[in-house]
Amino acid sequence: MKFGGYAPEIRSFEVHQINETLMACLSPVGEVVFLSPIEVEQLLRDPAGLPAATVRELKSRHVLKSAGNSPGLDRLYAARLSAKRSIAANGPELHILVPTLQCAHSCQYCQVSRAIDSEGFSLTQDQLLMACDTIMDSGASTLTVEFQGGDPLNRFDLVEFGIEALAHHHNRRGRPVRFVIASTLHQLTADMCRYFAQYDVKLSTSIDGPAWLHNKNRPIPSRDSYDRTVAGIKLAVEVLGSESISALMTTTKTSLDHPEDIVDEYVSLGLHEIFLRPLSHYGFARRNLGLLGYTTNAFMAFYRRALDRILWWNDRGVPIREVHASLVLNKLIGSFDAGYVDLQSPNAAGSAVLVYNYDGHVYPSDEARMLAEAGDTSFRMGLIGTPLTTLLASEAAQRIAREGSADADQACKACSFKHHCAPSPVDAASLSGTARPTASTEHCLRSKALFGEMLQRLVATRECVGSAEVVFHAWASPAGQGS
Ligand code: SF4
């Protein structure tokens, strides 16, 4: 539902029905105010008739204009709007380098076909240098460079080569470059850690839960993937500090029954952050869907239990943050947008993020390169070495701009969350050649479910003031949130 244009002081806003007695009003910059249906009617008829405290809240959340009485609020609104619009205006900020596909794991849900010690599954140094030139051609004021794989530490030589090339690039212009390496950490050594310390490199790994679950989800021939990853975490904490390492998990069918055990595992490892991710239906995961797949409802049931457990730990003085919830809360109640590229409107793939793949091609997102592994290469933007301006004007980028706009999609036009979300053309792409409607994509189902869930949780904190309110406001802060 969309409201707007009733009175000059009202900004266009969206409404999400929480229940029969409560509605969430989302301002054009996405912040939320909860009102009863009667209050919404009053707002539309004559905002001045609302209680003064409600009017103040509506102004501070930018549903009502301040009528020039509060220049600070007007400036804040303009800043939020311009931050939303500028996410890709200066060029891509997030650059994913996939130096190699080499990996010893054979995870059932892996989206890429792994390759161990195989020739032809890694970038050459020349390709890597060309990718670094493209990264530095971006006009973004800060840059994040994430090394993914395969397992990039299988080719530490390429990782080191890339970091050196970027850190000392002639076109860096003093800009901060944040390096992240996504790895199983099985190959991590103390020497590598000491090298990473020089460039403040952050490590991101996967822990799917307790040893039995992790080893089941992420098998290796020696059957000790959990022990080896935990050894890597401990080494990283020892040499680089606990803030240098974060972990995420992938939810399989087996995980669904064990949310508390998974959260407890993170707590026992001393991790302060957990990213509860559903299975991505690409590549191998798509082929094994019958075996591994589950519905969004099943994931959300798992997610709710896991989130309850995380809040339970926070209540007991153990700070642990869930990343999905933090990103959504940042949109709804945060003072500044953390700029997470997956929750942007219009879709930011191919404009705010670029992926330089081991196969020599540039893709608009991680999902697009995974789709290519499964045979659909239509989202290739060009070969590594293609000038940035040409990549950004490629047919794939234009397609995402066309199909990734909430204003151009019937389902999104009517959606309460369209200020923070947009269709995912990559998700909608079908291997059969027929695009799926937006409303049936995983991206859409998941976004709606997560925004709806966090709105319900915010309502619950209003009704029962407790530590969750404090925790949610802390999570909403952009500080420490990744891109
Ligand atoms: S993709 Fe779905 S959740 Fe996102 S704006 Fe469109 S309809 Fe809403």
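Residues satisfying the ring pair (Phe, Tyr, Trp, His ring centres under 6.0 Å) test with Tyr266, not counting sequence neighbours, are none. Residues satisfying the side chain to side chain donor-acceptor pair (under 3.5 Å) test with Glu453, not counting sequence neighbours, are Arg304, Arg457.
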I'd like to know whether Thr252 forms a side chain to side chain donor-acceptor pair (under 3.5 Å) with Ser255, so could you lay out the CA-CA distance, the side-chain angles of the two residues, the decisive distance to 0.1 Å, and finally the verdict.
CA-CA 5 Å; Thr252 59; Ser255 322; 2.9 Å; yes
What's the verdict on side-chain contact (heavy atoms from CB on, under 4.5 Å) for Arg61 and Val32, showing C-alpha distance, side-chain angles and the deciding distance?
CA-CA 7 Å; Arg61 294 289 179 187; Val32 64; 5.8 Å; no
What verdict does the side chain to side chain donor-acceptor pair (under 3.5 Å) test give for Asp376 and Ser378, after you've listed the backbone C-alpha separation in whole Å, the side-chain angles of each residue and the deciding distance to 0.1 Å?
CA-CA 6 Å; Asp376 181 348; Ser378 62; 2.7 Å; yes
From CA spacing to verdict: side-chain contact (heavy atoms from CB on, under 4.5 Å), Arg369, Val98
CA-CA 10 Å; Arg369 68 142 170 147; Val98 185; 3.6 Å; yes
Are Gln127 and Gln125 close enough, and set up right, to give a side chain to side chain donor-acceptor pair (under 3.5 Å), and what steps lead you there?
CA-CA 5 Å; Gln127 286 172 316; Gln125 287 192 350; over 6 Å; no
For side chain to side chain donor-acceptor pair (under 3.5 Å), just list the numbers for Thr124 and Asp126, CA-CA rounded to whole Å, side-chain angles, deciding distance to a tenth of an Å, and then say yes or no.
CA-CA 5 Å; Thr124 63; Asp126 282 348; 5.4 Å; no
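Of the possible polar contacts, none joining the Tyr356 side chain to the Leu123 backbone as a donor-acceptor pair under 3.5 Å is found. Of the possible polar contacts, one joining the Thr229 side chain to the Thr184 backbone as a donor-acceptor pair under 3.5 Å is found. Under a 3.5 Å cut-off, the side chain of Arg380 and the backbone N or O of Thr377 do not form any donor-acceptor pair. Panel note: side chain Asn215, backbone Tyr226; a donor-acceptor pair is recorded below 3.5 Å. For Thr390 (side chain) and Thr386 (main-chain N/O), no donor-acceptor pair under 3.5 Å exists by modelled atom type. A distance-only check finds no donor-acceptor pair linking the side chain of Gln344 to the backbone of Cys421 [under 3.5 Å]. When atom types are taken as modelled, the side chain of His361 and the backbone of Asn357 share no donor-acceptor pair closer than 3.5 angstrom. No donor-acceptor pair closer than 3.5 Å links the side chain of Asp427 to the backbone N or O of Thr441. With Thr205 contributing its side chain and Ser183 its backbone, the two residues share a donor-acceptor pair below 3.5 Å. Panel note: side chain His95, backbone Thr134; no donor-acceptor pair is recorded below 3.5 Å.
Using a 4.0 Å cut-off between charged nitrogen and carboxylate oxygen, Asp308 and Arg305 do not count as a salt-bridge pair. The residues Lys216 and Asp208 are annotated as not salt-bridged, no charged nitrogen and carboxylate oxygen being separated by less than 4.0 angstrom.
The two residues Trp212 and Thr254 come nearest to each other via the heavy atoms CZ3-CG2, 3.9 Å. The nearest pair of heavy atoms linking Gly162 to Cys132 is O-SG, 4.0 Å. The two residues Leu354 and Leu388 have their closest heavy-atom pair at CD1-CD1, 3.6 Å. Across all their heavy atoms, Leu97 and Ala131 have their closest contact at CD2-CB, 3.8 Å. Here the shortest heavy-atom pairing between Leu276 and Glu322 reads N-OE2, 2.9 Å. The shortest heavy-atom contact between Trp475 and Ile320 is CZ2-O, 3.3 Å.
Looking at heavy atoms from C-beta onward, Asn347 lies in side-chain contact with Ser424 at the 4.5 angstrom threshold. Side-chain contact between Leu343 and Asn330: absent, with no pair of heavy atoms (C-beta onward) separated by less than 4.5 Å. Under the 4.5 Å side-chain criterion, counting only non-hydrogen atoms from C-beta, Ile245 is in contact with Val237. Between Met454 and Gln456 there is no side-chain heavy-atom pair separated by less than 4.5 Å. Proximity of Thr296 to Glu442: side-chain heavy atoms (C-beta onward) are nowhere separated by under 4.5 Å. A heavy-atom distance below 4.5 Å is not found between the side chains of Phe179 and Ile181. Using a 4.5 Å heavy-atom threshold, the side chains of Ile207 and Glu265 count as touching. Contact check for His186 versus Ile220: side-chain heavy atoms found under the 4.5 Å cut-off.
Checked by atom type, the side-chain pair Glu160/Tyr199 shows no donor-acceptor distance below 3.5 Å. In this structure, a donor-acceptor pair under 3.5 Å is absent between the side chains of Glu469 and His473. Side chains of Asn314 and Arg316: no donor on one and acceptor on the other come within 3.5 Å. A donor-acceptor contact under 3.5 angstrom links the side chains of Ser222 and Asp224, judged on distance only. For the residue pair Asp137 / Asn171, a side-chain donor-acceptor distance below 3.5 Å is found, with atom types taken as modelled. A side-chain donor-acceptor contact under 3.5 Å links Asp264 and Trp313.
Aromatic ring pairs are classed by plane angle as parallel below 30°, tilted from 30° to 60° and perpendicular above 60°; the pair Tyr294 and Phe299 is parallel. In this structure, Phe451 and Phe417 have parallel ring planes: the angle between them is below the 30° cut-off, well short of the 60° mark.
Atoms CG and CG, on Leu332 and Leu455 in that order, are 5.0 Å from each other to the nearest 0.5 Å. In this structure, NE2 in His419 is found 7.0 Å from OG in Ser27, a value given to the nearest 0.5 Å. Summarising the geometry, atom OG belonging to Ser122 is positioned 4.5 Å from atom CZ belonging to Arg155; distances are rounded to the nearest 0.5 Å. Here CG of Leu188 is found 5.0 Å from CG of Leu235. Values are rounded to the nearest 0.5 Å.
Taking the six-membered ring where the residue is Trp, the centroids of Tyr363 and Phe379 are separated by 6.0 Å or more.
In this structure, Arg309 satisfies the cation-pi test against Trp312, with its NZ or CZ atom closer than 6.0 Å to the six-membered ring centre and inside 45 degrees of the ring normal.
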